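Data first, discussion second: the structure below is written as structure tokens.
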Amino acid sequence: MKHLLGTDTLSREDAIRILDTAGQMAATQEREMRKLPTLRGKTVVNLFFEDSTRTRISFEAAAKRLSADVINFSAKGSSVSKGESLKDTALTLQAMGADAVVVRHWASGAADRLAHGGWLHGSVLNAGDGTHQHPTQALLDAYTLRRHLIDAPTGAGLDGLRIVIVGDILHSRVAASNLYLLHTLGAKVTFVAPPTLLPIGLSAHPDLEVFYTLDEALDAHDYDAIMMLRVQRERMTGGGSAFFPSPEEYTRLYGLDKGRMDRLPDHAIVLHPGPMNRGLEISAEAADSPRSVIVEQVSNGVAVRMAALYLLLAGEEASQ
Ligand code: CP
């Protein structure tokens, strides 16, 4: 594997290898000396054309804990604002000797273009491209699900689990990446969204069940986990009014509150990729409840990104 661009092209074997390696990386982070020498001499560039808190910080932490040199590049304040193209930005990074480029971009397909444009020699890791994919988020979600819900996680998939993903699926690269990965790992996936926030392409996936209200979905099955998605108002022209009548109506039909959380089985967990709109798609009580693994998702993100960087940049050398 040279690049990590999406989960639709990730085999079950590769996905489980990343999750198992993340488990090993997480174990090293319990030690007093958390830094590993593995990527000493390698340069990782974080190339962010869109805002990020969790992904950018955790990729930086992951690369530094593997002893890589890290260059953080934000489009704001760079020559991108003077009109420099993705190609010329990539050529500049290549000239600086980037071994890996972690890219977040507002355009769907930008990571793929960087990987296959012939401008970079190193690996490309997609940190979220438009509404397309966010593979490391789906991997950290799978890692979190496996840790909580599978008895002997190492080497295992998510076979037999039933996961419901709720909210603004239309604009969610997280939902897309999760659908492919969860399916590859053997879980059953349900989407819940207003019809206006369900993309036709994704909702036609053969192994997907779809409901148009959360209560209907909760009536239909016992779920092992519920994943709430952020309402992405910045991607909705008109602030959301074209997609649902009002925030109150959205919360009434799709919001996770204590009443709905109490309808889940005792073992079920609550996930959210962040950032959250508290009071819109998730109540504070649900977000902060003992079932919530939202903060743990963030720490698991560091281990998963360490694993991805390790396998792409050192995996081949390590296995020789
Ligand atoms: N989950 C996620 O991608 O969060 P950030 O936008 O803060 O990176």
Side-chain angles (χ1 to χ4, degrees), residues 4-7 10 18-19 22 44-65 70-76 100-111 114 124-145 147 163 165-182 197 225-236 256 269-278 280-282 286-288 292-309:
L4 180 55
L5 302 174
T7 53
L10 207 56
I18 295 170
L19 300 184
V44 174
V45 178
N46 287 323
L47 178 61
F48 278 66
F49 291 84
E50 244 190 5
D51 294 342
S52 167
T53 298
R54 281 146 286 269
T55 312
R56 189 177 57 77
I57 291 173
S58 66
F59 262 116
E60 181 175 354
K64 285 181 172 169
R65 287 182 195 174
V70 179
I71 298 173
N72 288 314
F73 175 104
S74 164
K76 278 182 202 144
V101 175
V102 175
V103 61
R104 170 166 289 193
H105 202 286
W106 44 264
S108 298
L114 262 189
V124 174
L125 294 95
N126 184 1
D129 61 328
T131 58
H132 179 225
Q133 289 239 12
H134 193 350
T136 57
Q137 178 68 45
L139 283 160
L140 76 87
D141 292 338
Y143 180 84
T144 306
L145 291 166
R147 245 178 65 80
I163 316 297
I165 302 179
V166 186
D168 180 0
I169 290 166
L170 180 68
H171 300 110
S172 178
R173 49 202 179 203
V174 174
S177 287
N178 262 296
L179 173 62
Y180 301 129
L181 183 63
L182 290 170
L197 289 175
I226 184 166
M227 184 182 297
M228 303 308 295
L229 298 175
R230 182 170 70 88
V231 175
Q232 300 196 30
R233 281 183 278 200
E234 76 279 15
R235 297 195 204 271
M236 299 177 185
L256 184 66
I269 57 173
V270 173
L271 297 93
H272 191 304
M276 288 183 274
N277 294 306
R278 283 175 183 252
L280 181 56
E281 71 263 2
I282 189 166
D288 300 331
S292 167
V293 294
I294 296 168
V295 175
E296 188 195 317
Q297 284 173 269
V298 178
S299 23
N300 291 341
V302 177
V304 164
R305 288 167 177 133
M306 286 174 78
L309 286 168

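As the structure lists them, so they are numbered: ligands from 1, and atoms in each ligand from 1. Being a predicted model, the structure only gives us computed values, none of them experimental.
For Ser52, a nitrogen or oxygen atom sits less than 3.5 Å from a nitrogen or oxygen atom of ligand 1, counting backbone and side chain alike. Polar contact check, Pro273 against ligand 1: a nitrogen or oxygen pair lies under 3.5 Å apart. Taking distance alone, with nitrogen or oxygen atoms compared against 3.5 Å, Thr53 approaches ligand 1 more closely than that limit.
Listed for the Ser292 side chain is no donor-acceptor partner under 3.5 Å among the backbone atoms of Asp288. Ser108 contributes a side-chain N or O that, together with a main-chain N or O of Thr131, makes up a donor-acceptor pair within less than 3.5 Å. For Ser177 (side chain) and His134 (main-chain N/O), a donor-acceptor pair under 3.5 Å exists by modelled atom type.
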Kindly determine whether Leu10 and Leu139 satisfy side chain to side chain contact (heavy atoms under 4.5 Å, CB included), including the steps that lead there.
CA-CA 11 Å; Leu10 207 56; Leu139 283 160; 4.1 Å; yes
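Applying the 4.0 Å criterion to heavy atoms of Gly274 picks out, from ligand 1, the atoms 1 (N), 2 (C), 4 (O).
The closest heavy-atom contact to atom 2 (C) of ligand 1, among the options Thr55, Asp141, Asp51, comes from Thr55. With distances taken over non-hydrogen atoms, the option nearest atom 3 (O) of ligand 1 out of His134, Arg173, His272, Gln137 is His134.
In this structure, Gly128 does not count as a contact residue of ligand 1, since none of its heavy atoms falls inside 4.0 Å of the ligand. Residue contact annotation: Arg104 has a non-hydrogen atom under 4.0 Å from ligand 1.
Note that Arg305 lies in the cation-pi zone of Phe59, set by a 6.0 Å cut-off to the ring centre and a 45° limit from the axis.
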